[in-house]
Protein chains: 2
Amino acid sequence: MGATNTENFTDKQNAIAILAKALGHPARVAIIDYLLKTDTCICGDIVNELPLAQPTVSQHLKELKNAGIIKGSIEGNAICYCIDEKALEKLQAYFVGISSKLNAKKSNCC
Amino acid sequence: MGATNTENFTDKQNAIAILAKALGHPARVAIIDYLLKTDTCICGDIVNELPLAQPTVSQHLKELKNAGIIKGSIEGNAICYCIDEKALEKLQAYFVGISSKLNAKKSNCC
DNA sequence: TTATTATATTGCAATATTACGATAAAGATA
DNA sequence: TATCTTTATCGTAATATTGCAATATAATAA
């Protein structure tokens, strides 16, 4: 064991979990923060922004990319990393949906 | 190594990461789904809903509780687990904020 | 061609997560 | 009291994650 039992959950549950997991590390949240802050997105300097070694940053970028949260396109020597809006819209929709469901019940709860 | 380097990130980044990480497993997403679906929240039957053994479910509930996403109150023999609205509102606000920032830039990006 | 620069990959050690059987703890019921 | 029900904890095995030094790769610059 140690591997997540994905088979027995719905596609939607797995999809949300993959996105959430990708944001489940402060370095990856910091990367998103940085991508939002900068106007251009030639992002070679993410490494300089983060308190982590270059290979570690590269690994975090890879995880964000695998989850579909960012995408990278080669820009000559460097790589231009950008937020993939679709993924974040999916997350936004998910949490907005939850909030409205919670407002609908309005605490008949603990 | 193996431990996350939390010290060098902002409180906000760590806070979001903790919440996101807690939702980074399909079982925990499924638990939230179930808590939203049921009107009452006497939730002893979460175990029956999930394709996991009881100790595993208990562990996932504990992680959601530690992250502040759910709270549990003793209800006689059983325990009433409920969503903690504050945590989910924080997540919702975070993603709504991101989406509006993304709309403001409107793809001068890859 | 030979640097130089930017990013990725490999290999590895430390730690965390996932999952479950066995068992404990605590209230409810007979 | 004895038993049942519900949930938590312990112990443990399998796997994943985190982080970095060393190295590889690939484009650019000299």
Side-chain angles (χ1 to χ4, degrees), chain A residues 1-9 13-14 17-18 20-31 34-35 40-67 70-82 110, chain B residues 1-9 13-14 17-31 34-35 40-67 69-82 110:
Chain A
M1 299 96 204
T4 294
N5 171 11
T6 46
E7 296 164 30
N8 299 299
F9 297 97
Q13 285 162 349
N14 281 310
I18 285 171
K21 187 177 187 180
L23 292 173
H25 190 290
R28 297 195 287 267
V29 175
I31 289 171
Y34 184 73
L35 288 176
T40 81
C41 55
I42 312 291
C43 305
D45 31 23
I46 295 176
V47 172
N48 299 321
E49 285 284 314
L50 296 190
L52 293 168
Q54 179 268 326
T56 308
V57 172
S58 182
Q59 197 173 291
H60 284 303
L61 287 166
K62 191 179 178 184
E63 269 163 72
L64 284 170
K65 204 161 103 185
N66 286 341
I70 64 174
K71 47 190 172 179
S73 66
I74 295 169
E75 198 78 26
N77 199 8
I79 288 185
C80 167
Y81 273 116
C82 300
C110 9
Chain B
M1 298 93 205
T4 294
N5 170 11
T6 46
E7 296 164 29
N8 298 300
F9 297 98
Q13 285 163 349
N14 281 310
I18 285 170
L19 292 174
K21 187 176 186 178
L23 292 173
H25 191 290
R28 297 196 286 268
V29 175
I31 289 171
Y34 185 72
L35 288 177
T40 79
C41 54
I42 312 290
C43 304
D45 32 21
I46 294 177
V47 172
N48 298 321
E49 285 284 314
L50 295 191
L52 293 168
Q54 179 268 324
T56 309
V57 173
S58 182
Q59 198 172 290
H60 284 303
L61 287 166
K62 191 179 178 184
E63 268 163 73
L64 285 170
K65 205 160 102 186
N66 286 342
I69 291 184
I70 64 175
K71 47 191 173 179
S73 66
I74 296 168
E75 198 79 23
N77 200 9
I79 288 187
C80 167
Y81 273 117
C82 299
C110 9

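Each chain gets a letter, A, B and so on, in the order its sequence line appears, and its residues count up from 1. Here the structure is a predicted model, which means the values were calculated and not measured.
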What's the [atom1]-[atom2] distance between [X] and [N], to the nearest Å?
X: A/N66; N: D/dA16; atom1: CG; atom2: P; value: 14 Å
X: B/N5; N: C/dA16; atom1: CG; atom2: C1'; value: 15 Å
X: A/H25; N: C/dT15; atom1: NE2; atom2: C1'; value: 12 Å
X: A/I18; N: D/dT17; atom1: CD1; atom2: C1'; value: 16 Å
X: B/E75; N: D/dT7; atom1: CD; atom2: P; value: 11 Å
X: B/N8; N: D/dT18; atom1: CG; atom2: P; value: 16 Å
X: B/K21; N: D/dT17; atom1: NZ; atom2: C1'; value: 8 Å
X: B/N48; N: D/dT5; atom1: CG; atom2: C1'; value: 12 Å

Looking at [atom1] of [X] and [atom2] of [Y], how far apart are the two atoms once the value is rounded to the nearest 0.5 Å?
X: B/T6; Y: B/Q13; atom1: OG1; atom2: CD; answer: 11.5 Å
X: B/N66; Y: B/L61; atom1: CG; atom2: CG; answer: 11.0 Å
X: B/I18; Y: B/E63; atom1: CD1; atom2: CD; answer: 12.0 Å

Could you tell me whether the phosphate oxygens of [N], OP1 or OP2, come under 4.0 Å of any side-chain nitrogen or oxygen in [X]?
X: A/K62; N: C/dT7; answer: no
X: B/H60; N: C/dT17; answer: no
X: B/Y81; N: D/dA8; answer: yes

Where along residues 49-58 of chain A does a heavy atom come under 4.0 Å from DNA chain C, residue by residue in number order? A/Q54, A/P55, A/S58
For the residue pair B/I70 and B/C82, establish whether any side-chain heavy-atom pair is separated by less than 4.5 Å. no
Less than 4.5 Å apart, any side-chain heavy atom of B/D45 and any of B/Y34? yes
Among [options], find the nucleotide with the atom closest to the side chain of [X].
X: B/L61; options: D/dG19, C/dT7, D/dA8; result: D/dA8
X: A/Q59; options: D/dT7, D/dT15, D/dG19; result: D/dG19
X: A/N77; options: D/dT28, D/dT18, C/dA19; result: D/dT28

If you find the nucleotide of DNA chain D closest to A/R28 and the one closest to A/I74, which residue's nucleotide is nearer the 5' end? A/R28
DNA chain C nearest-nucleotide lookup for A/T6 and B/G76: closer to the 5′ end is A/T6
Mind telling me whether B/F9 and A/H25 have parallel, tilted or perpendicular rings, with 30° and 60° as the class edges? perpendicular
After noting the C-alpha distance and the side-chain angles of B/N5 and B/N8, does the key distance pass the side chain to side chain donor-acceptor pair (under 3.5 Å) rule? CA-CA 7 Å; B/N5 170 11; B/N8 298 300; 2.8 Å; yes
